[in-house]
Amino acid sequence: MSVRVRMAPSPTGLLHIGGVRTFLFNWLFARGRSGECLLRIENTDTGREVAEAVEQIERSLHWLGIDWDGETTFQLDRLERAQEEARRLVAEGSAYEDEGAIRIRMPDEGVTSWDDAIKGRIEFPSAELEDLVLVRSDGRPTYNFASPLEDWLDGITHVIRGDDHVSNTPKQLHVLRALGAEPPVYAHVPSVFGEDGRKLSKRHGAISVDEFRSAGYVPEALMNFLALLGWAPDGETTIMARDELVERFTLERVGSSPATFDYAKLDWMNGVYLRALAPDEYAERLREYVLGQGFDWPEDRVSAAAPLVQEKIARLGEFPAFAGFLFQDVEPDPALLDAGVLGAAEEALGETVPWAVEAIEATLKQLCDELGEKPRAVYLPIRVAVTGSRVSPGLYESLELLGKETSLERIAAARAAA
RNA sequence: GCCCCCAUCGACUAGCGGCCUAGGUCACCACCCUUUCAAGGUGGCAGCACGGGUUCGAAUCCCGUUGGGGGCACCA
């Protein structure tokens, strides 16, 4: 039997990174086994908010590189079928009506158990189980009925979901049994925490896929990082491209303890991916990013700035602060300026021809000799004058790209302000 | 309160009874390189939650304790 899994988000708010990690595991599992991966929205109502949320979810998954088979389906679409099945169960005696609702009979003794693909054997005393409501008095099926029902109807072979569903599983197992369905393999993936060991939330930083995108993370890095959150192919490998992840992923190697989301490590990994990009590819991503963030900076100049920053920044989101001086005026801190150095620099650079990295470098090195100063002492005030910061891309390249005229203007203005 | 799950460096993890003097990666520290910042190189710091067993031998198996998480809805 071929593998079929499903990603089942609820259409509320933005796609949470913890949920995405669960979807990623589903996707990796299916793709590595030539299986199918469905997208099913677990909605309890419809409306414009839902439609927008679904669109948002699809866009986020698409950006990340997670795809799905067939049309997106909606739980609510099977409302009638659910009611039908519930009535059938009543007719068969495994369920009964209770004040307008339909409840399923749960066993009073024994244990309900299954072999979880991640956590191993799990057993619940059946006495813990209440007769759960299948269909509410208003006719809507409950989650614990609709979900296993749809898994069955969709031919889902493996249910890979967050471990907050562990205690729902025995209930769903009984629903399936009453329905006459063969239960799928269950795999409960541990949750993801924020750095304080609490549930990942807003105050930890980015949590939705959208936020990671606008912070300037690239999808390949985010996918690689997420895959490693709770899973490892061995003790050594860290950087893995999409195909390698697909090839190597197994549920057996998903750990059973919760993982903490480490933003610093994600930053590092994002930098690794960013640096590995071919220069023109990097420039293209940078352009898309800058544009997407709403900056109306000239694209050719952004492209020209790309090589200056590729080695330097770990997130595209650092670009505006790091290289913004190429696109807008600066306000240097007078305390870091040095009128003497700036005056000499203005004069020397004024005669630099052509205005290119080699000539600029030669000019500045000579300036150091003439002033009898270390490059450190000479370059700082110039850097601050031109870029407005003591941290910037390479000075020669920055001057070249900024252009002679603007560079000299800024140096002159800074000299006056010093 | 009851039920279920989890427990290796600060973080992600490798380890599935002897290859462990517990390995890798991030972070951190030091040094090197260097026009700043990065990147890169070298070295370093740091861990089997605790207590009992089982065994010739335990990070690995069993029990308990503690700690964390999840659940106990006509929510999903």
Side-chain angles (χ1 to χ4, degrees), chain A residues 8-12 42-44 75 98-103 111-113 116 118-120 122-130 132-147 161-171 188 190-193 195 197-199 225-239 252-253 255-269 271-272 274-275 309-314 318 322 336 360-361 364-365 368 374-384 387 389-399:
Chain A
S10 20
T12 48
E42 311 229 293
N43 60 324
T44 46
Q75 193 162 85
D98 175 32
E99 302 195 28
I102 295 177
R103 287 182 185 270
V111 293
T112 305
S113 65
D116 197 276
I118 291 173
K119 294 182 184 274
I122 299 180
E123 299 186 341
F124 278 82
S126 298
E128 291 293 314
L129 277 18
E130 309 251 299
L132 79 98
V133 170
L134 264 23
V135 177
R136 301 176 176 90
S137 46
D138 68 2
R140 287 153 56 230
T142 58
Y143 168 79
N144 277 316
F145 180 49
S147 187
R161 63 193 352 179
D163 72 354
D164 48 328
H165 287 293
V166 166
S167 52
N168 284 328
T169 307
K171 302 172 191 171
H188 288 96
S191 37
V192 179
F193 293 139
E195 257 135 13
R198 317 232 34 168
K199 240 176 155 176
F225 177 79
L226 252 21
L228 252 20
L229 214 52
W231 171 79
D234 53 53
E236 318 294 309
T237 321
T238 24
I239 301 297
E252 291 68 49
R253 291 197 65 88
S256 46
S257 53
T260 303
F261 198 101
D262 184 354
Y263 289 89
K265 188 164 186 174
L266 207 213
D267 280 1
W268 164 78
M269 192 173 282
V272 169
L274 244 23
R275 272 175 256 121
V309 304
Q310 184 166 12
E311 288 278 313
K312 310 262 183 183
I313 62 178
E318 293 170 49
F322 193 67
L336 298 172
I360 293 169
E361 177 172 2
L364 292 180
K365 287 202 162 141
C368 292
K374 295 261 189 202
R376 197 177 211 83
V378 177
Y379 288 19
L380 177 71
I382 302 175
R383 183 186 303 281
V384 171
T387 72
S389 167
R390 54 201 308 171
V391 177
S392 80
L395 186 54
Y396 315 137
E397 293 81 0
S398 295
L399 286 166

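Lettering of chains follows the sequences in order, A, B, ..., and the numbering in each one begins at 1.
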N or O in side chain of [X] less than 4.0 angstrom from [N] OP1/OP2:
X: R140(A); N: C74(B); result: no
X: T260(A); N: C12(B); result: yes
X: R253(A); N: C12(B); result: no

Both distances under 3.5 Å, Watson-Crick or G-U wobble: report the partner of [N], or none.
N: A49(B); result: U65(B)
N: C72(B); result: G1(B)
N: A39(B); result: none

Taking only the [atom1] atom of each, what is the distance from [N] to [M] in whole angstrom?
N: C16(B); M: C61(B); atom1: C1'; answer: 11 Å
N: G67(B); M: G51(B); atom1: C1'; answer: 15 Å
N: A22(B); M: C48(B); atom1: C1'; answer: 8 Å
N: C9(B); M: C5(B); atom1: P; answer: 22 Å
N: C12(B); M: C28(B); atom1: C1'; answer: 16 Å
N: G24(B); M: U42(B); atom1: P; answer: 13 Å
N: A49(B); M: A11(B); atom1: P; answer: 12 Å
N: U55(B); M: U60(B); atom1: P; answer: 16 Å

Exercise. Verify, without hydrogens or angle tests, whether T387(A) (side chain) and R383(A) (backbone) share a donor-acceptor contact under 3.5 angstrom.
Key: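 Looks like yes, one N/O pair under 3.5 Å.
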
Quiz item: Just by modelled atom types, is the P11(A) backbone N or O under 3.5 Å from a matching donor or acceptor in the N43(A) side chain?
Solution: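 Side chain of N43(A) to backbone of P11(A), a donor-acceptor pair under 3.5 Å: no, none is there.
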
Which one, [options], comes nearest to the side chain of [X]?
X: E128(A); options: C4(B), C2(B), G69(B); answer: C2(B)
X: V133(A); options: U35(B), G69(B), C74(B); answer: C74(B)
X: W268(A); options: C74(B), A14(B), C26(B); answer: C26(B)

Quiz item: Which residue lies toward the 5' end of RNA chain B, P125(A) or P141(A), if each is placed at its nearest nucleotide?
Solution: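 Nearer the 5' end of the strand: P125(A).
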
Quiz item: Want to settle it: does E42(A) or V166(A) sit nearer the 5' end of RNA chain B, counting the closest nucleotide to each?
Solution: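 Looking at the nearest nucleotide for each, V166(A) comes out on the 5' side.
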
Test for a donor-acceptor pair under 3.5 Å between the base of [N] and the side chain of [X], counting only N and O atoms.
X: K265(A); N: U25(B); result: yes
X: S137(A); N: C74(B); result: yes
X: R390(A); N: U36(B); result: no
X: K312(A); N: U36(B); result: yes
X: N168(A); N: A76(B); result: yes

Quiz item: Any luck finding a side-chain donor-acceptor pair between H165(A) and S147(A) under 3.5 Å?
Solution: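 Short answer, no.
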
Quiz item: Within the structure shown, what part of the strands sits under 4.0 Å from D98(A) by heavy-atom distance: base, sugar-phosphate, or nothing?
Solution: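 Base contact.
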
Exercise. Remember a base hit wins even if backbone is also touched, and classify D138(A) as base, sugar-phosphate or nothing at under 4.0 Å, heavy atoms.
Key: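 Touches nothing.
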
Exercise. For atom CZ of R390(A), decide whether the heavy atoms of other residues, nucleotides or ligands shown that lie under 6.0 angstrom number more than 12.
Key: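 Atom CZ in R390(A) is not crowded, with 12 or fewer foreign heavy atoms closer than 6.0 Å.
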
Are any protein N/O atoms closer than 3.5 Å to N/O atoms in nucleotides 6-8 of chain B? If there are, list each pair with its distance.
none

Quiz item: Heavy atoms, side chains only, cut-off 4.5 Å: are F225(A) and Y263(A) in contact?
Solution: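 Side chain of F225(A) against side chain of Y263(A), heavy atoms only: no contact under 4.5 Å found.
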
Exercise. Considering non-hydrogen atoms only, spot the tightest contact between T142(A) and V133(A) and give its length.
Key: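 Heavy atoms only, the tightest pair is OG1-O, 2.7 Å.
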
